[in-house]
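Read through the structure below, which is laid out as structure tokens, and then see the notes.
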Amino acid sequence: MKVLVPVKRVVDYNVKVRVRADGTGVETAGVKMSMNPFDEIAVEEAIRLREKGAVSEIVAVSLGVAACSETIRTALAMGADRGILVETDVELQPLAVAKLLRALAEREQPRLIILGKQAIDDDMNATGQMLAALLGWPQGTFASRLTIEGDTAIVTREVDGGLETVALTLPAIVTTDLRLNEPRYASLPNIMKARKKPIETVKPAELGIDPAPRLKVVKVSEPPKRKAGAKVGSVAELVAKLRTEAKVI
Ligand code: AMP
């Protein structure tokens, strides 16, 4: 069984994100970029399925600027078998990504596509769902457990107030939640091996897709700054302030 794993290059989760001075987006120049954490979980899950014998090939896909090949290399170093870079300088939104992934899925014919539940840069939480709709495949989103039984993917989903388990007939879409697994680090020998693994580059036009944005970002702004706190000298002073200033008791 072939699995496709889309991996997005995003601002590293340790970086304090800054809004560009002109309010058009967040600053990415000179900022450390990494694989979206939910996508690391997706790669890890695909590898575990291969280790269990349920998966034979893992294809990591990234869409965006040429530097996205670094993100694919990370997936290859973790254990993916080969990569596909859909290269474009156009800013990609979820619908464009989903259309490009559908075109790749039609070409590659995977039985399973494992995406992150959301990308931590724009928090869209949309691509997996759109892709499932475009392909007409069943979807199991926010997965915290995944098993393959013959032609069925059993997905336990994290929903408000508990867990839901669904059975999806393959081919299917799964999106990962935080508790699905803990991704492995790439070992040095595997990083070296990954250099020899193939990455194919395709352009959106070769897949017959126009990736132009459909949504216009009107403005991006920082959250309001927190006001400085005050120190009180005693419990009595705290209670008095809560009563007379904050008026909460
Ligand atoms: P989003 O809907 O933007 O929050 O992204 C959800 C998931 O879709 C991500 O975790 C990735 O698995 C996938 N994805 C979105 N954009 C890209 C991209 N440019 N390249 C590769 N995967 C992507």
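Residues: numbered from 1 along the sequence shown. Counting convention: from 1, in listed order, for ligands and their atoms alike.
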Where is the nearest protein heavy atom to [atom]: which residue, which atom, and how far?
| atom | value |
| --- | --- |
| atom 13 (C) of ligand 1 | L115 CD2, 3.9 Å |
| atom 7 (C) of ligand 1 | G116 O, 3.3 Å |
| atom 23 (C) of ligand 1 | K8 CB, 3.8 Å |
| atom 19 (N) of ligand 1 | L63 O, 2.8 Å |
| atom 8 (O) of ligand 1 | T127 CB, 3.4 Å |

Close-contact set for ligand 1 against [X] heavy atoms, below 4.0 Å:
| X | result |
| --- | --- |
| D122 | 3 (O) |
| A126 | 2 (O) |
| A119 | 1 (P), 3 (O), 4 (O), 5 (O), 6 (C) |

So which bit of [X] gets within less than 4.0 Å of ligand 1, heavy atoms only: side chain, backbone, both or neither?
| X | value |
| --- | --- |
| N36 | side chain |
| V7 | backbone |
| D39 | side chain |

Using a 3.5 Å distance criterion without hydrogens, assess whether the side chain of [X] forms a donor-acceptor pair with backbone atoms of [Y].
| X | Y | answer |
| --- | --- | --- |
| R157 | V155 | no |
| N36 | I120 | yes |
| T74 | E70 | yes |
| S56 | M1 | yes |
| S62 | T71 | no |
| Q93 | L215 | yes |
| K197 | L76 | yes |

Does an N or O anywhere in [X] fall below 3.5 Å from an N or O of ligand 1?
| X | answer |
| --- | --- |
| N125 | yes |
| P6 | yes |
| V97 | no |

Problem set entry | Minimum non-hydrogen distance to atom 3 (O) of ligand 1, winning option of M35, E91, M124 |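 Selected option, by shortest heavy-atom distance: M124.
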For this session: Please tell me if the side chains of L163 and E158 come closer than 4.5 Å, counting only heavy atoms from C-beta onward.
Result: yes
N/O donor-acceptor pairs under 3.5 Å from side chains in residues 223-230, not counting sequence neighbours:
none

Problem set entry | Any side-chain donor near an acceptor of the partner, Q118 and D122, under 3.5 Å | no
For this session: For G64 and ligand 1, answer yes if some heavy atom of the residue is under 4.0 Å from a ligand atom, otherwise no.
Result: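 No, G64 has no heavy atoms under 4.0 Å from ligand 1.
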